[in-house]
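To find a chain, count down the sequence lines: A is the first, B the second, and so on, and within it residues start at 1.
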Amino acid sequence: MLEITRIRAEKDALIEGLKKRGVDFSNQLNQISTLDESWRSKKTEMETIQSESNKVSKEIGKLMGSGKKEEAEVAKKQTAELKKKEQSLKDEVIELEAKIQELLYEVPNVPLEIVPAGKSEEDNITIEEVGQKVKFSGEALPHWELAKKYDLIDFELGVKVTGAGFPFYKGKGAKLQRALINFFLAEAEKAGYTEYIPPLMVNEASGIGTGQLPDKEGQMYHATKDNLYLIPTSEVPLTNIYRDTILPDENFSIKMTGYTPNFRREAGSYGSDVRGLNRLHQFDKVELVRIEHPNNSQKALEEMVNHVKGLLEKLGLQYRILRLCGGDLGFTSAITYDFEVYSAAQEKWLEVSSVSLFETFQANRLKLRFKNDKKKTQLCHTLNGSALALPRILAALLENYQTPEGIEIPEVLEDYLNFKEIK
RNA sequence: GGAGAAAUGGCAGAGCGGUUGAAUGCACUGGUCUUGAAAACCAGCAUACCGAGAGGUAUCGGGGGUUCGAAUCCCUCUUUCUCCGCCA
């Protein structure tokens, strides 16, 4: 959520910045601005009346105290009119607040200077490409066939027990999955992140805090009886740890990591995009979340990008980094780098990580602040990134490391496994 | 799931329906004193919003109500504790 003070101060610049998303928000911002003005004047008016009636009430108190009951009765009658006015002003103020809030929820974050304008993924910029295409001697199988051939993942069983998009990992497939999780967590720990195992369900307030609600309600599984949501990413519980928090001073740099399954309804997805491990309703991910001083958030973003690069390089996967264009940017993000690995058998790029800086957009909703050197409360910056999402990494590993005899295992995972190849 | 008790500032803990945004203690910050420290003493110390400022308004777990006036009374939800039941 954009800060109302920013809209007051630099509305036109914000409108201009938002155009990079390919949508014109001048309507919303102008409306907010107008509503905000009348809100302020109504509020002042209301508070003046409140102040008056508070005074009269105190007078009555004094009169009652000194036994002048009749004078008190007269004063009581005086307040009736004030009450009426106060109530109607209050109604107006509340209505204006609700309207402003509603409009604010509609406006996404403003992209940073270096984010390219653009409408779709076509306009993303590839800023780096690392590694070589794998050459196969024979036919290269897609991961779903490899998974079947070596009995690593059972998709049909998942359909039977739960539904499409909920696979079973089995035997060496399950172990490989667990090894990857441990590897990612170990790397995060080395980089100074504190590990958490968060709840897999969150309440409504948390969903609103990180921006999944109200806009993306349909993306989450909702346990209506208890009004809880299954998390679509551990970003939600991890970031919400710091909801309604004021950090005591400027010296903070909060680095959290967590492994969790993630649940996404993915309504409307279809075709080859959902084949095999490409898109699941439940998938594992190790997430990085950071809360930073505004002066430090750019550096933190860079560190996170380098962290993910390191992981992909250690796994020996060909990858590229994209800077998303305005149109492809998530609602809450100011800048996002996507990481894609090349899946040699499917001959396509698969997104395995997304690293984003939200600046104050999330912190504003979360009420996550710190005390600056002038003892004023100021919003923190939040960041997060996947490091990494498991299924597509697993898919790429299976496909890229396949040989006619079996599947090799990247050396870096050997410490986490009791086998060195899959046959 | 049933029965009972409770929820106040960073913590502890007062608070007859009427200058209570809230006593007091601890913690914290600044100052005096001291060669330095401790102690003692003095002062300061919640958040948000409106306002150039003076100041104003709101907030005592959340929401609603009674009243001229609510931390204080009523309803409701949530959470915590105790007891019972069930259970990995």
Between [X] ([atom1]) and [N] ([atom2]), how many Å, whole number?
X: A:Asp244; N: B:G10; atom1: CG; atom2: P; value: 13 Å
X: A:Lys43; N: B:G51; atom1: NZ; atom2: C1'; value: 12 Å
X: A:Trp39; N: B:G51; atom1: CH2; atom2: C1'; value: 12 Å
X: A:Asn227; N: B:U79; atom1: CG; atom2: P; value: 12 Å
X: A:Ile94; N: B:U57; atom1: CD1; atom2: C1'; value: 14 Å
X: A:Leu82; N: B:C68; atom1: CG; atom2: P; value: 13 Å
X: A:Asp249; N: B:C28; atom1: CG; atom2: P; value: 15 Å
X: A:Leu368; N: B:A48; atom1: CG; atom2: C1'; value: 16 Å

Legend entry - Passing candidate, side chain to side chain contact (heavy atoms under 4.5 Å, CB included) with A:Pro232, options A:Lys285, A:Gln219, A:Met220: A:Met220
Legend entry - RNA chain B: stems of at least 3 consecutive Watson-Crick or G-U pairs whose donor-acceptor distances fall under 3.5 Å: B:1-7 with B:78-84, B:10-12 with B:24-26, B:28-32 with B:40-44, B:46-50 with B:55-59, B:61-65 with B:73-77
Legend entry - 5' priority, RNA chain B, between A:Lys76 and A:Arg8 [closest heavy atom]: A:Arg8
Legend entry - Along RNA chain B (nearest heavy atom to each residue), the more 5'-positioned of A:Ile246 and A:Ile60: A:Ile246
Can you figure out which of [options] approaches the side chain of [X] most closely?
X: A:Ser57; options: B:C68, B:U57, B:C49; value: B:C68
X: A:Arg40; options: B:G51, B:U19, B:U57; value: B:G51
X: A:Arg369; options: B:U19, B:A48, B:C50; value: B:A48
X: A:Asn54; options: B:C68, B:A58, B:C49; value: B:A58

With rounding to the closest Å, how many angstrom separate the [atom1] atoms on [N] and [M]?
N: B:G9; M: B:A46; atom1: P; answer: 13 Å
N: B:G55; M: B:C45; atom1: P; answer: 14 Å
N: B:C68; M: B:C11; atom1: C1'; answer: 38 Å
N: B:A71; M: B:C60; atom1: C1'; answer: 5 Å
N: B:U78; M: B:G62; atom1: C1'; answer: 7 Å
N: B:C75; M: B:G25; atom1: C1'; answer: 36 Å
N: B:U32; M: B:G21; atom1: C1'; answer: 30 Å
N: B:G64; M: B:A54; atom1: C1'; answer: 36 Å

Inset, instruction - Carefully, step by step, assess A:Tyr259 and A:Phe184 under the rule ring-ring contact (aromatic ring centres under 6.0 Å, His included). - result: CA-CA 9 Å; A:Tyr259 150 71; A:Phe184 293 149; over 10 Å; no
Side chains of [X] and [Y]: donor-acceptor distance under 3.5 Å anywhere?
X: A:Glu359; Y: A:Asn109; answer: no
X: A:Asn278; Y: A:Arg275; answer: no
X: A:Gln362; Y: A:Thr210; answer: no

What's [X] touching, base or sugar-phosphate or nothing? Going by heavy atoms closer than 4.0 Å.
X: A:Thr377; result: sugar-phosphate
X: A:Lys83; result: sugar-phosphate
X: A:Lys58; result: nothing

Legend entry - Pairs where residues 96-114 of chain A contributes a residue and the test salt bridge (Lys or Arg N to Asp or Glu O under 4.0 Å) is met, not counting sequence neighbours: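 Residue pairs with at least one partner in residues 96-114 of chain A: A:Glu95-A:Lys99.
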Inset, instruction - Keeping to residues at least two apart or across chains, list the salt bridge (Lys or Arg N to Asp or Glu O under 4.0 Å) pairs with something in residues 412-423 of chain A. - result: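 Every salt bridge (Lys or Arg N to Asp or Glu O under 4.0 Å) pair that includes a residue of residues 412-423 of chain A, provided the two are not neighbours, is A:Glu421-A:Lys423.
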Legend entry - Spacing of A:Met1 atom CE and A:Leu366 atom CG [to the nearest 0.5 Å]: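 Reported value, rounded in 0.5 Å steps: 9.5 Å.
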Legend entry - N or O in side chain of A:Ser51 less than 4.0 angstrom from B:G56 OP1/OP2: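 Answer is no, no contact under 4.0 Å.
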Inset, instruction - Using modelled atom types only, decide if a donor and an acceptor are shared between the side chain of A:Ser333 and the backbone of A:Gly330 within a distance under 3.5 Å. - result: no
